[in-house]
Amino acid sequence: MPDQEVMLGKLTRREFREALEVGKFPAAIIPTGSNEQHLEHLAMEYDIAAATYVACEAAKRLYPQVVVSVPMAVGISEHHMVHKGTITAKPGSWLAVLFDAVESLVRHGVKNVLILNGHGGNEAPMNGILRQWQLYFQSADPEVNVQFHSYWDLSREIAEQHCKGRVPGHAQEYETAMALALFPDHIRHDAMQDQEDKQPLEATAEQGQVLVEAAVSKTTEFVQDMVKGQNRDIQPHIFSRDMYRQRKKQP
């Protein structure tokens, strides 16, 4: 096996099989993102590129406990289709493929799966179905733990301390700072100066390095705790009585 390789797609079947046989890779991360417009200055691959980077760095820090599965580069982006180049999936088909990816890993013996998201449009459909997935997998094997988080939510407290604008925003300060630190060659600086939205100009590469480290370290901690048998929360039922009462109290 290549030295500390964490990407599933780069391993041979023998390497992955033998790793599982000796107890490696009890956890997996599936990066999800999108290919969509990110204003005039960021490459359209930003969401999946950032989520994959965070996943891989977390897996490297935890090697040989975590493998990174094939990234899902297409996301739910109908709201961006007005901008040419966006590639979108319907929620049902996107969830079906993602479920099959999770189930594939579980069938191979991976007990802990974190879906690490990098695109806001994926959150509502996933949060709406996560409880059903968790109950399904745990009914077959109580040891299986499936979780979903966007990388910025795991590190939100630190991110909000270092950003003037909203976290994550869309191609604004937070994402632009991350891109300046991770993918500086993918930024069109002239377009960032000329476009109407000036908030990305608040971002710096130094700020981005702090945000990247926060995302990687918090993701690392979360997955490490999953391997230890923690972070096993089941998504609350969205129609629970308590939530219904809270909604009725809202104006």
Side-chain angles (χ1 to χ4, degrees), residues 4 6-7 29-63 66 68-69 71-75 77 79-80 83 85-87 114-123 148-224:
Q4 296 197 351
V6 297
M7 290 293 290
I29 303 175
I30 304 178
T32 59
S34 66
N35 188 101
E36 64 179 22
Q37 67 88 16
H38 274 75
L39 297 182
E40 304 289 342
H41 68 290
L42 289 187
M44 287 189 280
E45 70 170 5
Y46 170 80
D47 283 351
I48 190 60
T52 303
Y53 178 90
V54 173
C56 287
E57 290 302 305
K60 289 175 183 177
R61 294 185 184 188
L62 293 173
Y63 185 85
V66 184
V68 178
S69 186
M72 287 189 56
V74 174
S77 303
H79 50 298
H80 289 301
H83 299 285
T86 295
I87 306 296
L114 171 63
I115 303 165
L116 186 68
N117 182 53
H119 168 53
N122 298 337
E123 290 185 325
F148 170 85
H149 284 286
S150 296
Y151 66 81
W152 55 79
D153 278 334
L154 291 173
S155 56
R156 179 174 293 278
E157 183 176 353
I158 297 173
E160 289 182 343
Q161 292 173 359
H162 290 85
C163 291
K164 299 176 183 176
R166 184 168 60 90
V167 175
H170 182 71
Q172 296 188 323
E173 180 188 8
Y174 177 82
E175 290 189 334
T176 301
M178 292 274 290
L180 285 167
L182 293 178
F183 321 115
D185 293 340
H186 294 180
I187 297 177
R188 313 300 190 261
H189 291 274
D190 54 344
M192 186 160 59
Q193 295 286 339
D194 295 340
Q195 67 189 358
E196 182 177 350
D197 190 337
K198 302 299 183 184
Q199 216 236 12
L201 295 173
E202 299 284 347
T204 67
E206 293 75 18
Q207 174 192 28
Q209 291 170 357
V210 174
L211 300 176
V212 169
E213 173 56 29
V216 172
S217 62
K218 291 300 181 181
T219 300
T220 302
E221 291 174 14
F222 189 88
V223 180
Q224 177 71 88

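In what follows, residues are counted from 1 in the order of the sequence shown.
Every residue two or more places apart in sequence or in another chain that forms a salt bridge (charged side-chain N to carboxylate O under 4.0 Å, His left out) with Glu213 is listed here: Arg61. Scanning for ring pair (Phe, Tyr, Trp, His ring centres under 6.0 Å) contacts around His80 gives His170, with sequence neighbours left out. Applying the side chain to side chain contact (heavy atoms under 4.5 Å, CB included) rule to Arg156 yields the partners Trp152, Asp153, Glu160, Val167, Pro168; only residues at least two apart in sequence or on another chain are considered. Partners of Tyr174 by ring pair (Phe, Tyr, Trp, His ring centres under 6.0 Å), not counting sequence neighbours: none found. By the side chain to side chain contact (heavy atoms under 4.5 Å, CB included) test, Ile158 is found to be paired with His162, Ala214, Lys218, residues two or more places apart in sequence or in another chain being considered. Remark: His149 pairs with Phe222 by the ring pair (Phe, Tyr, Trp, His ring centres under 6.0 Å) rule, at least two apart or across chains. The side chain to side chain contact (heavy atoms under 4.5 Å, CB included) search around Ala43 returns Glu45, His186, not counting sequence neighbours. Under the side chain to side chain contact (heavy atoms under 4.5 Å, CB included) criterion, Met192 pairs with His41, Thr176, Ile187, His189, Gln195, Pro200, Leu201, not counting sequence neighbours. In terms of the side-chain hydrogen bond (donor to acceptor under 3.5 Å, both in side chains) criterion, residue partners of Asn117 (sequence neighbours excluded) are, by chain and number, Thr32, Asn122, Ser150.
Every pair tested for salt bridge (charged side-chain N to carboxylate O under 4.0 Å, His left out) that includes a residue from residues 171-197 fails, sequence neighbours excluded, so the list is empty. Applying the salt bridge (charged side-chain N to carboxylate O under 4.0 Å, His left out) test to pairs two or more places apart or on separate chains, those with a residue in residues 199-212 are Lys164-Glu202.
The 12-atom threshold is not exceeded at CD of Glu40, counting heavy atoms of other residues, nucleotides or ligands nearer than 6.0 Å.
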Determine, stepwise, if the pair Thr219 / Leu116 fulfils side-chain contact (heavy atoms from CB on, under 4.5 Å).
-> CA-CA 9 Å; Thr219 300; Leu116 186 68; 4.1 Å; yes
Which is it for Ile115 and Ile29 under the side-chain contact (heavy atoms from CB on, under 4.5 Å) test, yes or no, and what are the steps along the way?
-> CA-CA 6 Å; Ile115 303 165; Ile29 303 175; over 6 Å; no
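Put simply, OG on Ser34 and CE on Met72 are 11.5 Å apart, with the number rounded to the nearest 0.5 Å. To the nearest 0.5 Å, atoms OG (Ser217) and CD (Gln224) are separated by 13.0 Å.
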Cut-off 3.5 Å, no hydrogens considered: what does the side-chain donor-acceptor table look like for residues 50-60, sequence neighbours left out?
unit_1	atom_1	unit_2	atom_2	d
Thr52	OG1	Ile48	O	2.7
Glu57	OE2	Lys60	NZ	3.4

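Between Ser77 and Glu36, the side chains place a donor N or O and an acceptor N or O closer than 3.5 Å (distance only, hydrogens not considered).
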